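Taking it in order: structure first as structure tokens, then the write-up.
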Number of protein chains: 2
Amino acid sequence: MKKLIKKKYNLTVVATDVAIFTIKDGELNILLIKMQKKPFLKQWALPGGLVTVDESVDSSAKRHLFSKTGLKKIFLEQLYSFGEVNRDIFGRVVSVAYFALIPNVDLVLKTTKEYGGVDWFPVNSLPKLAYDHKEIVSVAVSRLRNKIEYTNIVYSLLPKEFTLKQLQDVYEIILNKTVDKRNFRKKFLSLGLITKTANFTTGGTHRPAQLYTFKNKKPQEVNTL
Amino acid sequence: MKKLIKKKYNLTVVATDVAIFTIKDGELNILLIKMQKKPFLKQWALPGGLVTVDESVDSSAKRHLFSKTGLKKIFLEQLYSFGEVNRDIFGRVVSVAYFALIPNVDLVLKTTKEYGGVDWFPVNSLPKLAYDHKEIVSVAVSRLRNKIEYTNIVYSLLPKEFTLKQLQDVYEIILNKTVDKRNFRKKFLSLGLITKTANFTTGGTHRPAQLYTFKNKKPQEVNTL
DNA sequence: CCAAAAGTGTTGCGGTTACACCCATGT
DNA sequence: ACATGGGTGTAACCGCAACACTTTTGG
């Protein structure tokens, strides 16, 4: 009986995987790490790893996020759990996937000896991914597209101060469609989520742009677009 | 069983819990089972249990749903995963919660010797729940409220043929607000999700009501209310 | 004939969409 | 002065909300 239980239950482990997004070079990018072990040698994968017995699943996701980006206190939300029997060939792994949004800042990406590298990739031209990570990315992108339309999470992708143009660009990149400039500004300003700062952009060969900042950096539900 | 695993192998295990909803006596009800073991003796909990090594997490949820209701092929969707370290006092258990919707039919609920009973409870007057199941129910109810507004999942809560009044009642019960009869009918009919059948209600001391049926019993995204 | 629920249209308001020109700066 | 992106208003349209009376049946 004990043996039966062992066979039947104890081989399953829990992991977390994190889809970390940023806007870079006018595209939505995701952070990937390069595998060094067979059978995924030189393939790319989402950062992640096992959940230890003494950490919560949320903490595990935070830990993996921090280990690659050095960032804490950023937008991180549970996405979906993936539990097919054969999704990981090393054994039975149930993965709780998360997605994170970080502003486009120059960031020193970190890695460990365990991996062959870490880099950003545009979500529209991804390399072949290990495991079922292609599916996870697909779910993450859908979720991001949905949430940007009825929440204020876009603040997570922008620097502290930003122009209305930058804001609009983020929407256009993520939704993959153009929006009318005047309508966009009217709508977004009427939401009351952002306020003018005292500052303007400098240096462009054109009229300086007003810089804005988010009043609130807490996730809220409000129809944006 | 859980205790054995924790003590002996110091492992994290994966479980599923299912929030099964139906409309009953004009209220939203949820199915609960009665615990027979300390420390939750005589407390109520969501149906669920461990994921075996040879079944997917989805299959596990389906299995637990079937074991209590005898139903297959009903609406079942992953809700959220709960992974706090101490959420289960028997050991480290990460639970993937699901929610299910079943029509209000007379259903013979089943249980096993492991539990002291199984019954429906209105979500607005629940008994004390074991584990963190109160939180799971709360997340499930929120999700249901949200999804009923932008999908057609309401079909899962109604019998094959139903009146517009029944349909409206379901919305009013779940959203906990009244809606205008004429606007509701106009809106819902214009969505094209349902069609008239050849049948009418009989027996009431009033004008018979047209019976309708859903064209499609697949989840779709369409703004309903 | 009376009670009880079914069924049916119109109007006003508000939000979304479509659309084109002037402004401030650097070179 | 010219090239570049920043910044602004108005009118048409459409979906949503508000609202009351007639119909059909059973008792």
Side-chain angles (χ1 to χ4, degrees), chain A residues 23 25-26 104 146 148-152 154 158-159 161-173 175-213 221-225, chain B residues 23 25-26 145-146 148-152 154 158-159 161-173 175-213 221-225:
Chain A
I23 302 286
D25 306 327
N104 176 16
N146 281 328
I148 204 177
E149 297 210 63
Y150 67 92
T151 71
N152 64 344
V154 67
L158 288 164
E161 302 201 346
F162 55 89
T163 65
L164 290 176
K165 178 64 159 65
Q166 285 178 289
L167 182 63
Q168 182 176 344
D169 283 347
V170 173
Y171 275 94
E172 294 190 340
I173 290 164
L175 299 177
N176 194 32
K177 67 176 186 187
T178 58
V179 301
D180 180 83
K181 182 165 60 161
R182 277 174 295 190
N183 293 337
F184 178 84
R185 288 165 178 239
K186 214 187 318 174
K187 178 73 191 296
F188 214 98
L189 289 171
S190 77
L191 293 171
L193 297 174
I194 58 177
T195 42
K196 284 186 186 180
T197 67
N199 308 322
F200 289 78
T201 54
T202 54
T205 164
H206 54 79
R207 178 172 171 179
Q210 175 75 55
L211 287 165
Y212 290 82
T213 189
E221 300 230 340
V222 283
N223 279 314
T224 51
L225 275 198
Chain B
I23 302 286
D25 306 327
R145 287 207 173 113
N146 281 327
I148 204 177
E149 298 209 64
Y150 67 90
T151 71
N152 65 343
V154 68
L158 288 164
E161 302 202 344
F162 54 88
T163 66
L164 290 176
K165 178 63 159 66
Q166 285 178 289
L167 181 63
Q168 182 175 344
D169 283 346
V170 173
Y171 275 94
E172 293 190 341
I173 289 164
L175 299 176
N176 194 33
K177 68 177 184 187
T178 58
V179 301
D180 180 82
K181 180 166 59 160
R182 277 174 292 191
N183 292 337
F184 178 83
R185 288 166 177 240
K186 212 185 320 171
K187 177 74 190 295
F188 214 96
L189 288 171
S190 76
L191 292 173
L193 297 174
I194 59 178
T195 42
K196 283 185 187 181
T197 68
N199 308 321
F200 289 78
T201 54
T202 54
T205 164
H206 55 80
R207 177 171 175 178
Q210 174 74 57
L211 287 164
Y212 290 82
T213 189
E221 300 232 340
V222 283
N223 278 314
T224 51
L225 277 197

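What you are looking at is a predicted structure, and each value in this text was computed from that prediction instead of being measured.
- Taken residue by residue, residues 161-173 of chain B places no heavy atom nearer than 4.0 Å to DNA chain D.
- Here the CD atom belonging to A/E149 is positioned 5.0 Å from the CG atom belonging to A/L175, to the nearest 0.5 angstrom.
- Rounded to whole Å, the distance from CG on A/L225 to P on C/dT16 is 10 Å.
- No side-chain donor-acceptor contact under 3.5 Å links A/T224 to the backbone of A/N152.
- With values rounded to the nearest 0.5 angstrom, A/Q168 atom CD is found 7.0 Å from A/R185 atom CZ.
- Note that CZ of A/F188 is 4.5 Å distant from CG of A/L167, once rounded to the nearest 0.5 Å.
- In this structure, B/K181 atom NZ and D/dA18 atom P are separated by 17 Å, rounded to whole Å.
- Rounding to whole angstrom units, CD of residue A/Q210 and P of D/dG7 are separated by 7 Å.
- In terms of position along DNA chain D, the nucleotide closest to A/K196 lies nearer the 5' end than the nucleotide closest to the other residue of the pair A/K196 and B/D180.
- Per the geometry, CG belonging to B/L211 stands 12 Å off C1' belonging to C/dA6, to the nearest Å.
- Rounding to the nearest 0.5 angstrom, the gap separating the NE2 atom in A/H206 from the OG1 atom in A/T201 is 6.0 Å.
- A heavy atom lying under 4.0 Å from DNA chain D marks the following residues of residues 184-192 of chain B, by number: B/K186, B/K187.
- A/L189 CG to A/T195 OG1: the interatomic distance, rounded to the nearest 0.5 Å, is 10.5 Å.
- Distance CG/A/L225 to OH/A/Y150: 14.0 Å, rounded to 0.5 Å.
- A/Q166 contributes a side-chain N or O that, together with a main-chain N or O of A/T163, makes up a donor-acceptor pair within less than 3.5 Å.
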Subject >> Base versus backbone protein contacts along nucleotides 22-27 of chain C [heavy-atom cut-off under 4.0 Å; B, S, -] >> reply: -BBBB-

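- The CG atom of A/N183 sits 11 Å away from the C1' atom of C/dG15 (whole-angstrom rounding).
- Nucleotide D/dT10 holds its C1' atom 9 Å from the CZ atom of A/R182, rounded to whole Å.
- Taking each heavy atom of A/T197 and A/E161 in turn, the nearest pair found is CG2-OE2, 3.5 Å.
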Original post:
For A/E172 and A/V179, what are the C-alpha separation, side-chain angles and deciding distance, and is it a side chain to side chain contact (heavy atoms under 4.5 Å, CB included)?
Top reply: CA-CA 7 Å; A/E172 294 190 340; A/V179 301; 3.5 Å; yes

